[in-house]
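Single-structure report; data block below.
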Amino acid sequence: VVLYMSIPDFCHKFLPGYVGGVQEGAVTPAGVVNKYEINGLQAWIITHVLWFANASCFHFFSPTIIFDNWIPLLWCANILGYAVSTFAMLKGYFFPTNAKDCKFTGNFFYDYMMGIEFNPRIGKWFDFKLFFNGRPGIVAWTLINLSFAAKQKELYGEVTNSMILVNVLQGIYVLDFFWNEAWYLKTIDICHDHFGWYLGWGDCVWLPYLYTLQGLYLVYHPVQLCTAHAVGVLMLGLLGYFIFRMTNHQKDLFRRTNGNCRIWGKKPEYIECSYMSVDGTKYYSKLMTSGFWGWARHFNYTGDLMGSLAYCLACGFEHILPYFYIVYMSILLIHRCIRDEHRCCSKYGKDWKHYTAAVPYRLLPGIF
Ligand code: NDP
């Protein structure tokens, strides 16, 4: 039976979570539904196979190449980030993909930072948001960590358990992103943000350079954790990942099936909502109050923060630098939570108030 199946059919049947092929995104403010080619997992695998083949089999370059060229690469990443953001700005003014999906605030700097076009594209398939968010920086994330591990081995003759933990936990997070790339089309980045410097520069520079700080720190300060500490970090990281994935999965399942599913073995409870689009059309939606979404309004962020804290704790307690990540992620996700709630409140009006009364906490039940 397997031999007669097409590859997409095989993937749908046997690879839970992986949804390749062409997927539809959310409705844009102008009412357009874009199609996306989902092939991030393939891109990630091909890049890593080529990396291993060239660095470890053919020895065309050293696996430490990224660490060894860290500063020149920073220049290249910045040039790319600024070029992309500037191009996106000019494109918004002179040849937008969809003029109705452009937002001009009248403030040049704000428009440059936060973007004008909602979904800039070149041709039918090259989507700026999906490509820059979901290819160069995030594919590089795991390669950079591998390069840091190789550098540790070169310098000290061994790779510490802390470096392995950082590689494994962040590797799971990156692979999860690609495995669930279709789900990513439903996140705030794709559904609500315009494409400007915030996403263009952020994806090319901020993500690969700041999200990999733990590995960089461990090259200069190798840390060998005691077993209890290492197991504790692993447990926290895996628990955080589990909460992050399950919470996102529950919402995705709920929205995909329009509530006709089971969450924790029961039919989900929800609040019926309505909203108006810019052209005055009335739409209906549902906000789930079951599963993790009944515990807090953004429990997916809580799981993400637990995982982020685990990466930092893997570096021990000698220095503040590796903890930059958890501070940054807390600011990012709390700000995002407030920004999203503000948007949902103006979108759903009194229905949002019913929802917040049913689920009163944002991140931590009983606390915040
Ligand atoms: P969410 O996936 O939480 O999406 C929020 C949207 O979901 C809301 O705008 C609303 O959209 C809808 N929604 C809210 N409550 C409910 C509910 N109860 N039932 C059904 N739908 C609901 O946010 P993000 O897109 O920000 O995050 C996705 C994941 O990505 C998170 O796990 C986050 O941690 C992670 N992330 C990671 C980052 C990183 O740098 N590592 C950066 C940003 C995010 P609608 O208008 O459709 O109702």
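Worth knowing before you read on, the calculation uses all heavy atoms, side chains too, and leaves out hydrogens, waters and symmetry mates. Throughout, residue positions are numbered sequentially from 1 according to the sequence presented. Every value quoted in this text rests on a predicted model; they were computed, and no experiment measured them.
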Check for me, please, whether [X] and [Y] land in the same ILVMFWY cluster - side-chain distances under 4.5 Å, paths through other members count.
{"X": "L239", "Y": "L313", "answer": "yes"}
{"X": "I79", "Y": "F128", "answer": "no"}
{"X": "Y311", "Y": "V231", "answer": "no"}
{"X": "L332", "Y": "W141", "answer": "yes"}
{"X": "I66", "Y": "F58", "answer": "yes"}

- Decide yes or no on side-chain contact (heavy atoms from CB on, under 4.5 Å) for L363 and F299, but give the supporting numbers first. CA-CA 5 Å; L363 294 178; F299 214 59; over 6 Å; no

- Dump the intermediate steps for side chain to side chain donor-acceptor pair (under 3.5 Å) on T160 and Q152, then the final yes or no. CA-CA 8 Å; T160 59; Q152 241 199 9; 3.2 Å; yes

Working to the nearest 0.5 angstrom, can you tell me the gap between [X] [atom1] and [Y] [atom2]?
{"X": "S62", "Y": "D68", "atom1": "OG", "atom2": "CG", "value": "6.0 Å"}
{"X": "N145", "Y": "L169", "atom1": "CG", "atom2": "CG", "value": "10.5 Å"}
{"X": "I45", "Y": "L50", "atom1": "CD1", "atom2": "CG", "value": "12.0 Å"}
{"X": "Y323", "Y": "C312", "atom1": "OH", "atom2": "SG", "value": "6.5 Å"}
{"X": "K186", "Y": "I190", "atom1": "NZ", "atom2": "CD1", "value": "10.0 Å"}
{"X": "T257", "Y": "I263", "atom1": "OG1", "atom2": "CD1", "value": "7.5 Å"}

Assess the pair [X] and [Y]: is the distance between their ring centroids shorter than 6.0 Å?
{"X": "F60", "Y": "W51", "answer": "no"}
{"X": "Y184", "Y": "W179", "answer": "no"}
{"X": "W70", "Y": "F148", "answer": "yes"}
{"X": "H319", "Y": "Y220", "answer": "no"}
{"X": "Y361", "Y": "F368", "answer": "no"}
{"X": "Y270", "Y": "Y355", "answer": "no"}
{"X": "Y93", "Y": "F104", "answer": "yes"}
{"X": "F177", "Y": "W44", "answer": "no"}

- Message: Please determine whether side-chain contact (heavy atoms from CB on, under 4.5 Å) holds for the pair D351 and H354, giving the CA-CA distance in whole Å, both sets of side-chain angles, and the decisive distance to 0.1 Å.
- Response: CA-CA 5 Å; D351 295 334; H354 294 152; 4.1 Å; yes

State, with a plain yes or no, whether a side-chain heavy atom of [X] is found less than 4.5 Å away from one of [Y].
{"X": "C102", "Y": "P96", "result": "yes"}
{"X": "R255", "Y": "S285", "result": "yes"}
{"X": "R362", "Y": "Y301", "result": "no"}
{"X": "K251", "Y": "T247", "result": "no"}

Return the minimal non-hydrogen interatomic distance between [X] and [Y], and the atom names on each side.
{"X": "R135", "Y": "G40", "result": "NH2-N, 3.2 Å"}
{"X": "P208", "Y": "I144", "result": "O-CD1, 3.7 Å"}
{"X": "C315", "Y": "Y217", "result": "O-CE2, 3.8 Å"}
{"X": "I243", "Y": "G303", "result": "CG2-CA, 3.8 Å"}
{"X": "L165", "Y": "L225", "result": "CD1-CD1, 3.8 Å"}
{"X": "A314", "Y": "V166", "result": "CB-CG2, 3.9 Å"}

Ignoring hydrogens and geometry, is there a side-chain-to-backbone donor-acceptor pair from [X] to [Y] under 3.5 Å?
{"X": "H194", "Y": "I116", "value": "yes"}
{"X": "H48", "Y": "T142", "value": "no"}
{"X": "D340", "Y": "R336", "value": "no"}
{"X": "N39", "Y": "Q42", "value": "no"}
{"X": "H59", "Y": "S56", "value": "yes"}
{"X": "S274", "Y": "Y284", "value": "no"}

Taking atom types as modelled, is there a side-chain donor on [X] or [Y] under 3.5 Å from an acceptor on the other?
{"X": "W293", "Y": "N300", "result": "no"}
{"X": "Y241", "Y": "D304", "result": "no"}
{"X": "Q214", "Y": "Q170", "result": "yes"}
{"X": "W295", "Y": "T302", "result": "no"}
{"X": "S308", "Y": "Y328", "result": "no"}
{"X": "N248", "Y": "D252", "result": "no"}
{"X": "T64", "Y": "K153", "result": "no"}
{"X": "D111", "Y": "T105", "result": "yes"}

Taking the six-membered ring of [Y] (Phe, Tyr or Trp), confirm whether the NZ or CZ of [X] is under 6.0 Å from its centre and within 45° of its axis.
{"X": "K129", "Y": "F118", "value": "yes"}
{"X": "R245", "Y": "W183", "value": "yes"}
{"X": "K151", "Y": "F67", "value": "no"}
{"X": "R121", "Y": "Y36", "value": "yes"}

Please check if the number of heavy atoms outside [X] that lie under 6.0 Å from its [atom1] is greater than 12.
{"X": "I320", "atom1": "CD1", "answer": "no"}
{"X": "E269", "atom1": "CD", "answer": "no"}
{"X": "F52", "atom1": "CZ", "answer": "no"}

- Task: On the 0 to 90° scale, with breaks at 30° and 60°, tag the F87-F95 ring pair as parallel, tilted or perpendicular.
- Result: perpendicular

- Task: Could you check whether the rings of W201 and W206 sit parallel, tilted or perpendicular, using 30° and 60° as the cut-offs?
- Result: tilted

- Message: Salt bridge or not between R339 and D193? Use side-chain N to carboxylate O under 4.0 Å.
- Response: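 The answer is yes: the pair qualifies as a salt bridge.
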
- Message: Applying side-chain contact (heavy atoms from CB on, under 4.5 Å) to K286 and F254, what does each step give before you reach the verdict?
- Response: CA-CA 9 Å; K286 295 181 172 80; F254 174 78; 3.6 Å; yes

- Query: Hey, which of K100, K103, K91 is the one that makes salt bridge (Lys or Arg N to Asp or Glu O under 4.0 Å) with E117?
  - Reply: K91

- side-chain contact (heavy atoms from CB on, under 4.5 Å) between K35 and W125: does it pass, once the steps are laid out? CA-CA 8 Å; K35 287 189 164 49; W125 294 113; 3.9 Å; yes

- Message: side chain to side chain donor-acceptor pair (under 3.5 Å) for N119 and T28? Distances and angles first, verdict last.
- Response: CA-CA 8 Å; N119 269 128; T28 72; 5.5 Å; no

